[in-house]
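Throughout, protein chains are lettered first and strands after them, A, B, ... in sequence-line order, and every chain is numbered starting at 1.
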Amino acid sequence: MNTPEIKLERVSMLYQTDSTEVLAVQDVTLDIKQGEFVSLLGPSGCGKTTLLRIMADLIQPTNGEIKVAGESARAARLAQKYGIVFQSPVLYDWRKVKQNINLPLEMIGMKKSEREDRVNALLELVGLEDFKEKYPWQLSGGMQQRVAIARALAMEPEILLMDEPFSALDEFTREHLNEELLSIWSKVGSTVVFVTHSISESIFLSDRVFVLSPHPGRLSSVVDITLPRPRTQEMRNSPEFFQLIADIRDSFEGV
Amino acid sequence: MNTPEIKLERVSMLYQTDSTEVLAVQDVTLDIKQGEFVSLLGPSGCGKTTLLRIMADLIQPTNGEIKVAGESARAARLAQKYGIVFQSPVLYDWRKVKQNINLPLEMIGMKKSEREDRVNALLELVGLEDFKEKYPWQLSGGMQQRVAIARALAMEPEILLMDEPFSALDEFTREHLNEELLSIWSKVGSTVVFVTHSISESIFLSDRVFVLSPHPGRLSSVVDITLPRPRTQEMRNSPEFFQLIADIRDSFEGV
Amino acid sequence: MNVQNVLSSRYFPVVVWVFGLLVVWEFSSWFLLHVVEASMAQSKIPYIHELVYTFTQYGYTLFVEGKATFSNAAIGFLLGATLGGLLAVLMSISKWIEQLTFPYAIASQMIPILGLAPIVYGIFRDEQIARILIAGYITFFPVALNMLRGLRSVDPTAVELMYSFAAKPWMIYWKLRFPAALPGLFSGLKIAAPLAVTGAILVELMGAQNGIGVLMLRNLYYGPSHNYMFWSTVIVGAFLGVVSYLLISLIERIVAPWQPDFRSSGGDD
Amino acid sequence: MVLLWEWQMFHLIFNLETYQLPIPSTILEAMTENRTLLLSYAGYTMTEAVLGMLIGSTLGFVFAILAAAWPRWGKGGLVLIASLNAVPIVAMAPIMNLWFGAGMGSRIAIVTIMTMAAMAINAYKGMRMVDPLALDLMHSYAAKKHEVFRYLRVSNSLPFVFTALKINTTASMIGAIVGEFFFSSRGLGYLLSNSIKVAKMPLGWSCIIVAAIAGVIFYLIVERLEKVFLKWHTSNRS
Amino acid sequence: SGDTGDELTPIKLQLKWVPQAQFAGYFMALEEGYYEEEGLDVTIVAGGPDIVPEQQVANGAADIGIGWVASLLPHQEQGLPLVQISQIYQKSGLVLVSKSETGISSPEDLAGKNVGNWMGGNEFEVLALFDKYELDPNADLSFVKQGFTMDQFLADEIDAASAMTYNEYQVVLGEGFAESDLNVIDMNDEGVAMLEDNLFANTEWLENNKETAAKFVRASLKGWQAAIDDPEAAVDSVMAEAEEGSTSRDHQLKMMEEVAKLVLPEGFDPANIGQIDDEMFKQTAIIAHQYGVIETPADLDEAYTHEIMEMVNE
Ligand SMILES: Nc1ncnc2c1ncn2[C@@H]1O[C@H](COP(=O)(O)OP(=O)(O)OP(=O)(O)O)[C@@H](O)[C@H]1O
Ligand SMILES: Nc1ncnc2c1ncn2[C@@H]1O[C@H](COP(=O)(O)OP(=O)(O)OP(=O)(O)O)[C@@H](O)[C@H]1O
Ligand SMILES: Cc1ncc(C[n+]2csc(CCO)c2C)c(N)n1
Ligand SMILES: [Mg+2]
Ligand SMILES: [Mg+2]
């Protein structure tokens, strides 16, 4: 399982607008192995979302190359390998909660009966059983984001790209979903790229943490998380965990 | 300075839609003193935003009473006492960053020269000097939220209502803005109601923390934060701080 | 039924509008006739009560012809709306196609029926087809433009979500762009629906036997003695416009109820 | 060039006669022969169209503001304005002629009426379809009704307003041209209807071509303005 | 000749204007069953401001049309496959009417005045009149487009308005003007008359349907004769066509009386109703050429044919 699933080679992204240019990402080279769980960590505006969007084939880098499972990112996208959670929920106003979660299942043409079970299981997972008949604007901010998470998990994607999925959630819900995410991941075996600005979250979840520095966004260090799996809540209080936090904080401050 | 600035008396909020009803907030009674900094803490969907919107006179509670500075919330709103940061940035697409921050200043009729200085100072505060000529969609998610924060601070409101303002930000930016917020607060003397789901953030910032329990949202406990002011980053590692975290966690778990 | 109930009723404003309009109209008519003493005052603004009298006398004829026009309008409207929708979809696919087809669409609108009729007859050699086509031709433009705006105004991230599912283009339309464009489509339809009535009337002028247009034309050209009857046909036309508009509004509420304007709690006034 | 070729193909495919749709060369001939007349008439008709559209769009916009400010009352008014669209020009022309005489005024009035509804309906939609949170923001500033319009609703309605303006470019041209059929002694519409009735198809089609060119230019101008005013809108992002 | 058995031959007649006594003969023929007797199933298609009968017939939307000769000639010149088969109105019905207070007692007085006409093929008689009195329509007076109602005349926007004796003139009388309040310039008296309502057919259609055309004309002329003989009955047949409330019987009756004078002028042999008068046609064609209605002198042999009328009278 150690073939590189996602491979970036000197990837740069320059946003151009009429007047100015912003170099959002510069010369990022990295490998993510199949089935690996990695985090992108870095300050606001450092290019995390941009990198994620490049991996998802939603934008093309102005320079450099990206391969997904040996092929182009486009091929991977067309093969419906991706599930994405965006930074904002991006729910469709005209669909109820359950219909929003249903969306990707409809798109891959899953049978109706099967869909229903899946959606109910997901609703339970994110704790929104009672809200499945509501419209998005009737939910709180955190609830909306949970719907978006359920939607991304629905098709059990080969590659799961998550952009700060839990930042709108309280610590308990967040820790609960952290654990759930790990358990789903261990079952499905997806490759997960997880954007976060929480150091402890990145440690708790990941195999490796990619730390980015801003202006322009570059890869400043890669931290291996040596904690054994399955991860448990107790580990959060282990000295190893604190050491890792300190390490990453250092690599941050070095910026 | 110990007159109650915001006073809720057995406030309840029942959302009604064609089909169902949701009791979002039930029988909340609380006092916030003038110049006080309080936090609302609670799990996703427990009614924090609802409470904030009631205080802001954006919705009327279905039951109970609210007084702001002895008068109705409506009177306070009409006297332009409020500055609000919503959970999502809510920027105007057609205004550049600096114009978005300018908006409340235009509305209170501030002179142009004065406005410019104020906006520049705010841009520096949130670290977006270089982006003032950009449109919102050219910013990252965290940057957009920072613009919204600057906009709320712009008119130095008497009452500042903030709904998870920093949850989209990385720890460094967040800690930086925590400190800045406290320093602005100490200068302006605003009453601040701060919604967050971070226990440590609520402790670091507040005089008191209101802990809410969900379904329906009730006030489960009020925690006095006895840490002296001005708060410093070191305090985050003090035993007192850890004790407070533990206390609040307990009152949470008691839910 | 107390006063409060009446005042807060949904239909109260409508009643006030209609009644107010009638009063203003009647007064203007009187004013023009007796104060200004304008020439042909009754042709300029006829008395409402005279029109009402005409309606009581010829109401049945007006109703029958109005019904004929309305069903013709419905056919033209369906065709025009479909055409407009298709064109909007086509143009939304790429700017390039838009730039290529749009000048034609605009130019086509500049061809009056007078110039268009011979061509359409020349091609189809069938009156019925020609009439339906002409009625559709009049309605498609506003629908196309509004729909295009709707299709183009979709939240870019929502489109990216679709890309991430590797959604086929038609899926993106079906699941995202169409629903998102519905509000725009409906304002287009609201403009187009009364236009379709106009279209139907114009088409009736091309030698039809029935319809409010036929009645309108004949009364116009049978001399000013038929002023009230002519005005009655104008009012029936406008009334058909109102009906078509309200019908579309009703359908909008059923098809796209999630718009902010329709939310029970979303109001600000 | 492509157009000319298509035109000829059109002829071939549908087996049209030249008296139904003349071939381009004869139209071109008629155009060059009558170019001064056509140009001056085009100017006349465009004046009617542009003035009528400006007045009609302004009225429609003002009405949309009133309707959006008091929607309970405004909705009924919108229906009435929209219903004016169901009165065909054949009926409007004699009425307007009585009110405003046979001069430009009556056509300007026709165009005004024809363009009002599109603007009123679209601008109303744009002013009402605001993000509820943006509205909350305005409320938190204790914005007066007019400020909500000034700072939020009007800007929010701009994409809709421009759509209406685009519809109105063609509507106003049609209104002016067809309005001229009935009473005018000048203008493209006058020349067009006269020419077609006496079988001068090439001249009639010259009018149509000139009108089409003018209409497209008119449209492109509005589109250009839209690009300038709606730089921020999704549809204009790269 | 396709009238074997009870099968009626369908045929469509395109009017130049809305159904009214101007076309009484056809309605009469329809009502009295003259068409049916000839084995024809006639549909009468109403006209209107946007309908050009010549186009309709050329396109095949109708088989036979009613138009004015001055309008038929340019269409023929443009290659529309049309040929005139009968001339219903032997005289021009066009007059210029003015209120006496405007002081237009003779055509010279038109100088400096507003003179109205519907244009679009109806203006040539008036132009010929101007020419005869050496009035330049672009300089000596203002020659303006008149709507199809008489509103502009009534509102004094037009001093001398074009009017058909049978319609617009009657409308003016109906508005309360006495004949003595009005001055009338008659095109026939001025020698600038052109032929008006005729019958023409699509040449290609006619080629194979001469018999049918003759039957149609025969029945129509019989209708006209009947209408002239019994105006009341004629108006009944017209009123049957007009919707309730849209026109008045009186108006149609007046129209019928005036139309009768054009179809069967004083001293005209009733046996000759519908005949095409070569001389008048020629005058019409010459005026048409003179005022640029047609670029080249009309080829009279192509423009009309007596053949159908001859078949009618057999
Ligand atoms: N407009 C609305 N209509 C109906 N129900 C609503 C509406 N807004 C909120 N609710 C419901 O009220 C409850 C409380 O919502 P609220 O937004 O106050 O939660 P919150 O504490 O802010 O949560 P979060 O941390 O996720 O933002 C939720 O159950 C939500 O579904
Ligand atoms: N569409 C765009 N056009 C122009 N510049 C852009 C665009 N999107 C992002 N940028 C710029 O690129 C940089 C990186 O943005 P990105 O969204 O990748 O940051 P991020 O790391 O996700 O930040 P955050 O944590 O705040 O979401 C920022 O400076 C931003 O202004
Ligand atoms: C295209 C067209 N132009 C002018 C007239 C004028 N005209 C000639 S006969 C007649 C009807 C009886 O008056 C009228 C109005 C017309 N009919 N059709
Ligand atoms: Mg981001
Ligand atoms: Mg909330």
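The distance between the ring centers of D:Tyr219 and C:Phe102 falls below 6.0 angstrom.
Neither the backbone nor the side chain of C:Leu148 comes within contact range of chain D; no heavy atoms are under 4.5 Å apart. Residue contact with chain D, scored on non-hydrogen atoms closer than 4.5 Å, involves the side chain of C:Phe230 exclusively. Both the backbone and the side chain of C:Leu195 come within contact range of chain D, judged by heavy atoms closer than 4.5 Å. For chain C, no part of D:Phe162 is nearby; none of its heavy atoms comes within less than 4.5 Å. D:Ile177 touches chain C through its side chain: at least one heavy atom from C-beta onward sits under 4.5 Å away, while N, CA, C and O do not. If you measure heavy-atom distances from C:Gln259 to chain D, the contacts under 4.5 Å come from the side chain alone. Looking at D:Pro94, the atoms closer than 4.5 Å to chain C (heavy atoms on both sides) all sit in the side chain, from C-beta outward. At a 4.5 Å heavy-atom cutoff, C:Val14 makes no contact with chain D through either its backbone or its side chain. For chain D, the nearby part of C:Val154 is the backbone; its heavy atoms alone come within less than 4.5 Å. Within the 4.5 angstrom heavy-atom criterion, only side-chain atoms of C:Leu202, from C-beta onward, approach chain D.
Considering only heavy-atom pairs separated by less than 4.5 Å from chain C, the leading option among D:Val90, D:Ile174, D:Asn122, D:Leu80 is D:Asn122. Options C:Ile201, C:Asn146, C:Ile212 differ in how many heavy-atom pairs under 4.5 Å they form with chain D, and the most are formed by C:Asn146. For the set D:Pro88, D:Ala214, D:Gly76, D:Ala120, the entry with the most heavy-atom pairs within less than 4.5 Å of chain C is D:Pro88. Ranking C:Gly241, C:Ala107, C:Ala238 against chain D, the residue ahead of the rest is C:Ala238, based on heavy-atom pairs under 4.5 Å. Of the residues considered (D:Leu188, D:Ile208, D:Ile167), D:Ile167 shows the highest number of contacts with chain C, using heavy-atom pairs under 4.5 Å. Top candidate by heavy-atom pairs under 4.5 Å with chain C, chosen from D:Ala117, D:Ala118, D:Ser195, D:Gly74, is D:Ala118.
For residues 194-206 of chain C, no pair satisfies salt bridge (Lys or Arg N to Asp or Glu O under 4.0 Å), with sequence neighbours left out.
Residues passing the salt bridge (charged side-chain N to carboxylate O under 4.0 Å, His left out) test with C:Glu252 are C:Lys190, D:Lys125, sequence neighbours excluded.
Remark: C:Trp17 CH2 to C:Leu22 CG distance equals 12.5 Å, nearest 0.5 Å. Taken to the nearest 0.5 Å, the CZ atom of D:Phe182 stands 8.5 Å off from the CG atom of C:Leu220. Separating the NZ atom in D:Lys144 from the CE atom in D:Met138 is a distance of 12.5 Å, to the nearest 0.5 Å.
No more than 12 heavy atoms of other residues, nucleotides or ligands sit less than 6.0 Å from atom CZ of D:Phe229.
A distance-only check finds no donor-acceptor pair linking the side chain of D:Arg107 to the backbone of D:Ala49 [under 3.5 Å].
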Does C:Glu98 form a salt bridge (Lys or Arg N to Asp or Glu O under 4.0 Å) with C:Arg152? I'd like the steps, not just the answer. CA-CA 12 Å; C:Glu98 180 188 346; C:Arg152 284 261 162 85; 2.7 Å; yes
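At a threshold of 4.0 Å, the pair C:Arg149-D:Glu226 does not count as salt-bridged, since none of the basic side-chain nitrogens sits closer than that to a carboxylate oxygen.
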